[in-house]
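Every value quoted in this text rests on a predicted model; they were computed, and no experiment measured them.
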Amino acid sequence: MSSYEPLYIDYLIYFNRDQDYFECHEVLEELWLERNHDPLYKGLLQIAVGLYHYRNGNLRGGGMMLQSSLELLEVYPDISLGIQLGALKADVRKLVRELQENKLETLEYRDLSILIEDQALIEQIQTRSLELKPNVPQRRSPTRGRIYEEKMKALQQAELHEHNENANHHANN
């Protein structure tokens with residue numbers, strides 16, 4: 001039985017089940033960094049980022065990111081990492097053409113799906129899906145990394161400061 005990276009499995013769940021492209025980016029970026037900037041993971045990551053921008057009305061940014069993903073993924077076989085990468089590349093190519101030819105008013109947003117080829121991967125996704133809860137509502141800002149940690153630390157310090165000020169006010173009254 002093939003075993004896949006847990007972060008990759010999470011990416012596929014967020015992509016197909018939740019269409020949570022922001023979270024797709026978060027989990028796959030972690031794996032991409034662990035795997036020494038593997039271009040295959042970067043290409044998959046860029047598809048999620050492209051869809052995220054497209055959904056939010058940034059057609060130019062979405063199209064550029066999707067085009068960049070194709071440039072990275074073209075060299076990989078149609079079946080890679082247990083998925084039908086060839087079908088995904090074809091869907092992305094079609095979407096890039098549509099984004100280049102249309103204006104926001106005439107282009108209706110649609111999600112893409114990643115077809116799973118390997119039965120072992122399907123089973124791992126099904127098992128993990130029972131544990132991995134959807135982000136509802138979907139997050140729109142980072143929840144990992146240095147910037148997030150600094151933001152959380154500042155928020156905690158502000159709350160502590162406010163708590164101390166309230167305590168001092170009550171003590172003086």
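- Atom CG in Leu28 sits 10.0 Å away from atom CD in Glu5 (nearest 0.5 Å).
- Residues Leu40 and Leu85 have side chains in contact (heavy-atom distance under 4.5 Å, counting atoms from C-beta outward).
- Contact annotation: the side chain of Leu44 approaches that of Tyr8 to within less than 4.5 Å [non-hydrogen atoms, C-beta and beyond].
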With side chain to side chain contact (heavy atoms under 4.5 Å, CB included) as the criterion, how do Ile83 and Leu115 come out once you've worked through the C-alpha distance, each side chain's angles and the decisive distance to 0.1 Å? CA-CA 6 Å; Ile83 64 172; Leu115 302 173; over 6 Å; no

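- Hydrophobic cluster membership differs between Ile9 and Ile79, with clusters built from Ile, Leu, Val, Met, Phe, Trp and Tyr side chains linked at under 4.5 angstrom.
- For the pair Ile47/Leu73, a side-chain contact is recorded, criterion being any heavy-atom separation below 4.5 Å from C-beta on.
- The side-chain heavy atoms of Tyr54 and Leu95, taken from C-beta on, include a pair separated by under 4.5 Å.
- Residues Pro134 and Arg17 have side chains in contact (heavy-atom distance under 4.5 Å, counting atoms from C-beta outward).
- Taking each heavy atom of His37 and Leu33 in turn, the nearest pair found is NE2-CD2, 3.5 Å.
- Proximity of Gln46 to Leu72: side-chain heavy atoms (C-beta onward) are separated by under 4.5 Å at one or more points.
- A salt bridge links Glu98 to Arg110: one of the charged nitrogens lies within less than 4.0 Å of a carboxylate oxygen.
- Between the CG atom in Leu81 and the CG atom in Asp38 there is a gap of 7.5 Å [rounded to 0.5 Å].
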- Message: side chain to side chain contact (heavy atoms under 4.5 Å, CB included), that's the test. Do Ile114 and Tyr11 meet it? Break it down for me.
- Response: CA-CA 10 Å; Ile114 298 175; Tyr11 166 85; 3.8 Å; yes

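- Taking CG of Leu88 as the reference point, atom OG of Ser80 lies at 10.5 Å (rounded to 0.5 Å).
- Taking CE of Met65 as the start and CZ of Arg60 as the end, the distance is 11.5 Å to the nearest 0.5 Å.
- Using a 4.5 Å heavy-atom threshold, the side chains of Cys24 and Tyr52 count as separate.
- Using a 3.5 Å distance cut-off with no hydrogens or angles, the side chains of Tyr21 and Asp111 do pair a donor with an acceptor.
- Between Val27 and Trp32 there is no side-chain heavy-atom pair separated by less than 4.5 Å.
- Looking only at atom types and distance, the side chain of Tyr14 has no donor-acceptor partner in the side chain of Asn16 under 3.5 Å away.
- Between Ser69 and Val92, the closest heavy-atom pair is OG-CG1, 3.9 Å.
- Rounding to the nearest 0.5 Å gives a distance of 12.0 Å between CD of Gln84 and NZ of Lys89.
- Going from atom CD1 of Ile13 over to atom CD of Gln124 covers 10.0 Å, rounded to the nearest 0.5 Å.
- Annotation: Arg93, atom CZ; neighbour count of heavy atoms from other residues, nucleotides and ligands within 6.0 Å is above 12.
- Using a 4.0 Å cut-off between charged side-chain N and carboxylate O, Glu29 and Lys42 make no salt bridge.
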